[in-house]
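To start, the structure under review is shown below, and the notes come after it.
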Number of protein chains: 2
Amino acid sequence: MEEFASLSGISRPTLSKYFHDPESVRHTTRDRIEKALEEHDYQPNIYAMNQNRRTTNHIGIVVPFLADPFFAEIARNLEQRCIAAGFSPILFSSHGAPDLEVNILDSLRSQKPAGVLMAPLGRASDKAHIERFSRDIPTVLFDSSIGGLGAAFVGMDNGQSMRMLVDYLCDTGTAPQFFEMETAVNPNVNRRRNAYLAAMEARGEPASIVKIEGDGWDFEEIGRRGGHAAFDAGQFKSGTILCSNDRLAIGLLSAAFQRGLRVGRGEGADIRVAGHDDHPFSKFTCPALTTVSQDYDRISGKSLDILLGLMDSDDRLSQRQEVLFDGILIKRESA
Amino acid sequence: MEEFASLSGISRPTLSKYFHDPESVRHTTRDRIEKALEEHDYQPNIYAMNQNRRTTNHIGIVVPFLADPFFAEIARNLEQRCIAAGFSPILFSSHGAPDLEVNILDSLRSQKPAGVLMAPLGRASDKAHIERFSRDIPTVLFDSSIGGLGAAFVGMDNGQSMRMLVDYLCDTGTAPQFFEMETAVNPNVNRRRNAYLAAMEARGEPASIVKIEGDGWDFEEIGRRGGHAAFDAGQFKSGTILCSNDRLAIGLLSAAFQRGLRVGRGEGADIRVAGHDDHPFSKFTCPALTTVSQDYDRISGKSLDILLGLMDSDDRLSQRQEVLFDGILIKRESA
DNA sequence: AACGGAAATTTACGCGCGTAAAAAATTTGT
DNA sequence: ACAAATTTTTTACGCGCGTAAATTTCCGTT
């Protein structure tokens with residue numbers, strides 16, 4: 001930098017200022033710097049730049065499972081928003097492993113990020129660790145809320161969405177049964193089940209829950225196997241199945257197809273299947289999946305907004321914010 | 001660190017050595033350090049650690065489109081391998097944008113990574129930029145090879161896989177037509193088309209290519225729209241369709257379903273559809289998709305192996321390595 | 001117990017940049 | 001054109017750690 005300073009005829013402190021914020025120097029000097037920059041292609045050492053700063057301009061993005069297109073899509077959205085806001089996103093996936101999630105937070109802490117956007121694993125998360133982390137670093141949780149953790153949470157209103165689905169399904173046919181994994185990976189599933197039960201009770205319909213075996217993040221496979229098992233056991237009595245999420249529904253659709261069952265709301269259909277999340281692939285299932293859309297755009301937008309607010313203010317934990325968005329019913333052919 | 005040194009009764013240079021490689025100090029001192037570490041929870045400043053190192057222990061992973069489950073899966077695999085090898089992976093997605101790909105390389109360069117594993121965008125990539133990058137930093141390209149770029153390439157043998165698919169399809173029914181996008185996003189598609197043509201000629205079958213409109217990475221949607229258009233125009237004369245990749249096939253399956261066509265190789269089926277890549281979702285389409293499996297595990301394993309070799313040796317560009325793996329035919333119900 | 005080699009300590013300097021303070025130069029307003 | 005306000009330069013120090021060289025301490029061996 002010293003060298004580039006003499007080559008460009010600009011003092012080093014001014015260069016330092018420029019690299020930290022190009023707007024902070026006068027237009028004329030900025031032009032001079034940028035012209036010199038083209039000729040000598042110097043770029044500052046980011047490690048030396050950051051070693052004395054309390055925080056960097058990085059924003060950490062942590063998702064539980066990046067191979068899930070749902071999270072991949074949200075991550076993509078968040079990344080681009082961070083860039084637009086002038087920050088550098090760093091993406092991490094916990095790959096469904098709680099110890100990896102802890103490692104990520106530790107590594108993130110030492111990177112001194114300006115803030116972190118995190119979708120926790122859920123049930124398996126080390127809550128105390130996340131709590132400690134979010135005390136030191138501005139952190140917004142999204143997708144899955146764990147018992148009031150963190151400074152803020154942005155997600156969707158599972159109560160609203162399930163009520164809407166139940167109402168829709170009841171109004172257009174038989175009352176739905178709820179299809180879920182035995183061990184809920186995250187709190188959303190529990191909320192959805194409870195919302196289903198409440199919505200059914202409100203309508204005076206008998207609730208019925210079909211629980212299937214399986215653990216891990218291989219939801220489609222679990223849904224297919226569990227679907228077959230439930231078909232075999234004759235558990236789908238009502239003919240309408242409401243799945244706890246789209247990936248499970250995709251597996252169930254596959255099982256139904258393999259059994260020669262016709263899924264849909266039309267004439268001659270055997271069962272109806274609905275999901276939840278508007279997974280990127282739910283548009284392309286056969287038949288296309290009726291579901292509730294999580295508004296990726298609004299969730300990620302709001303998450304970043306809150307985080308930016310958090311980063312500016314000092315009293316981060318004064319009041320925990322919680323924003324829930326309504327889902328939108330996406331009617332397709334499956335129900 | 002100075003402070004922690006006096007607290008733990010260990011000299012700072014020894015601590016420095018320990019943090020760089022815990023094995024490099026004597027067992028007894030290592031135990032003392034780790035005991036002190038638990039009490040005082042100190043962790044070194046990564047920026048100060050890295051500023052004087054020529055390279056860090058980071059390995060960059062760059063994929064063209066992370067929302068594509070195919071790349072998400074490979075990225076996941078690579079990340080875990082990097083961790084197992086003692087490196088810290090940093091994941092980037094170009095999101096289909098060439099300028100973003102360039103930005104990522106620039107940012108990566110300033111991070112002084114030990115090496116980079118990169119799946120380029122393909123046609124849209126800034127070749128010269130990638131070339132320059134890979135001259136300075138050990139880089140292994142995978143998935144999509146661009147005209148001999150980089151120090152090494154690991155991918156699959158499109159010639160072998162297409163020949164195998166064509167042979168299988170011809171042997172079990174009518175000869176396939178090739179279904180592809182008008183504008184190929186990456187060289188793999190071109191290779192596959194050419195391999196299709198060659199394989200058909202070798203068998204003495206008449207080749208037929210169905211090109212559909214569309215640009216970008218929204219392959220499923222493009223495949224569906226294009227499928228409908230091709231059905232309308234009566235272009236699918238042979239009744240067997242070989243898609244340039246699985247995502248396109250998923251769209252085509254959706255179109256066929258919407259038209260009430262039965263896809264499969266059984267009695268009473270209208271058309272057969274095959275894909276390529278063994279996309280994570282191809283197992284769950286209706287019917288399940290016949291395709292060629294890219295061996296994720298071997299590709300990522302070999303990529304990292306070569307990269308580690310590259311990192312150790314100095315004469316990186318002496319001979320360009322190129323490793324192609326055979327695909328494995330995955331017979332499912334769609335063809 | 002003495003010895004030799006390995007490991008740890010002491011001492012000291014450098015890395016590339018942030019940043020503070022005072023002086024100098026430039027721009028702005030009238 | 002001149003004073004005031006802003007920006008840049010000069011000077012100097014510090015950050016947290018890497019690392020080299022010389023010295024001392026430790027450990028296992030004979």
Side-chain angles (χ1 to χ4, degrees), chain A residues 1-37 40-58 86-88 106-114 136-137, chain B residues 1-37 40-58 86-88 106-114 136-137:
Chain A
M1 187 155 168
E2 201 92 45
E3 194 183 325
F4 177 69
S6 54
L7 283 173
S8 62
I10 307 258
S11 73
R12 200 176 62 72
T14 306
L15 284 179
S16 174
K17 215 163 163 244
Y18 166 82
F19 282 117
H20 196 266
D21 178 14
E23 303 283 347
S24 68
V25 300
R26 211 183 287 147
H27 312 291
T28 55
T29 51
R30 181 177 173 179
D31 291 344
R32 284 171 60 203
I33 294 174
E34 285 173 354
K35 208 181 70 190
L37 225 39
H40 303 93
D41 76 289
Y42 155 84
Q43 61 185 85
N45 180 315
I46 54 165
Y47 297 103
M49 281 180 76
N50 286 324
Q51 82 162 349
N52 295 322
R53 309 198 65 72
R54 223 183 73 261
T55 74
T56 65
N57 76 329
H58 298 308
F87 292 90
S88 300
D106 285 346
S107 141
L108 214 37
R109 185 194 290 272
S110 71
Q111 289 185 49
K112 300 186 281 188
D136 298 338
I137 292 167
Chain B
M1 188 157 169
E2 200 93 45
E3 193 182 324
F4 177 69
S6 53
L7 283 173
S8 62
I10 307 261
S11 73
R12 200 176 63 71
T14 305
L15 284 178
S16 175
K17 217 166 160 239
Y18 167 82
F19 282 116
H20 194 266
D21 178 14
E23 304 283 347
S24 68
V25 301
R26 210 183 289 146
H27 310 291
T28 54
T29 51
R30 180 175 173 181
D31 291 341
R32 282 171 60 202
I33 294 174
E34 285 174 352
K35 208 182 69 189
L37 225 39
H40 303 94
D41 79 288
Y42 154 83
Q43 62 185 88
N45 180 315
I46 55 165
Y47 297 104
M49 282 180 77
N50 286 324
Q51 80 162 347
N52 294 323
R53 309 197 67 71
R54 224 184 74 261
T55 73
T56 66
N57 77 329
H58 298 308
F87 293 90
S88 300
D106 285 347
S107 141
L108 215 37
R109 184 193 290 270
S110 71
Q111 289 185 51
K112 300 187 280 188
D136 299 338
I137 291 168

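None of these values were measured; they are calculated from a predicted model. We name chains A, B, ... by the order of the sequence lines, and we start the count at 1 in each one.
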Subject >> Pairs meeting criterion ring-ring contact (aromatic ring centres under 6.0 Å, His included) with involvement of residues 7-37 of chain B, two or more places apart >> reply: B:F19-B:Y42
Subject >> Interatomic distance, B:I46 atom CD1 to A:K112 atom NZ [nearest 0.5 angstrom] >> reply: 8.0 Å
**OP:** Could you walk me through whether B:E3 and B:H40 pass side chain to side chain contact (heavy atoms under 4.5 Å, CB included), step by step?
**Re:** CA-CA 10 Å; B:E3 193 182 324; B:H40 303 94; over 6 Å; no
**OP:** Using a cut-off of strictly less than 4.0 Å between a heavy atom of the residue and any atom of DNA chain C, enumerate the qualifying residues of residues 15-35 of chain B by number.
**Re:** B:V25, B:R26, B:T29
Original post:
Heavy-atom contacts under 4.0 Å between residues 4-12 of chain A and DNA chain D, which residues?
Top reply: A:G9, A:I10, A:S11, A:R12
Original post:
Are any side-chain N or O atoms of B:K17 and backbone N or O atoms of B:V25, one a donor and one an acceptor, separated by less than 3.5 Å?
Top reply: no
Original post:
If every non-hydrogen atom of A:Q111 is compared with every non-hydrogen atom of B:Y47, which pair is closest and at what distance?
Top reply: O-OH, 2.6 Å
**OP:** For DNA chain D, list all stems, counting runs of three or more consecutive pairs where every pair is Watson-Crick or G-U wobble with both distances under 3.5 Å.
**Re:** C:1-30 with D:1-30
Subject >> Heavy-atom pair with the smallest gap, counting every atom of A:Q43 and B:S110 >> reply: NE2-CB, 2.9 Å
Could you give the side-chain donor-acceptor pairs of residues 9-16 of chain B under 3.5 Å, partners two or more places apart or in another chain?
from	atom 1	to	atom 2	distance (Å)
B:S11	OG	B:T14	OG1	2.8

**OP:** Could you check whether B:P13 gets within reach of a base, just the sugar-phosphate, or nothing at all, counting any heavy atom under 4.0 Å?
**Re:** base
Subject >> B:A114 versus B:F87, closest heavy-atom pair with distance >> reply: CB-CE2, 4.0 Å
Original post:
Can you pull the contact range of chain B along DNA chain D, 5' to 3', using atoms under 4.0 angstrom from its heavy atoms?
Top reply: D:dG16 to D:dC27
Original post:
Closest heavy-atom contact between A:R30 and A:P22?
Top reply: CD-O, 3.4 Å
Original post:
So, the side chain of B:S8 versus the backbone of B:I33: is there a donor-acceptor pair under 3.5 Å, distance only?
Top reply: no
Original post:
Can you name the nearest heavy-atom pair linking B:L37 to B:F4, along with the distance?
Top reply: CD1-CZ, 3.3 Å
Original post:
Which atom names give the shortest non-hydrogen contact between B:H58 and B:N50, and what distance separates them?
Top reply: NE2-ND2, 4.3 Å
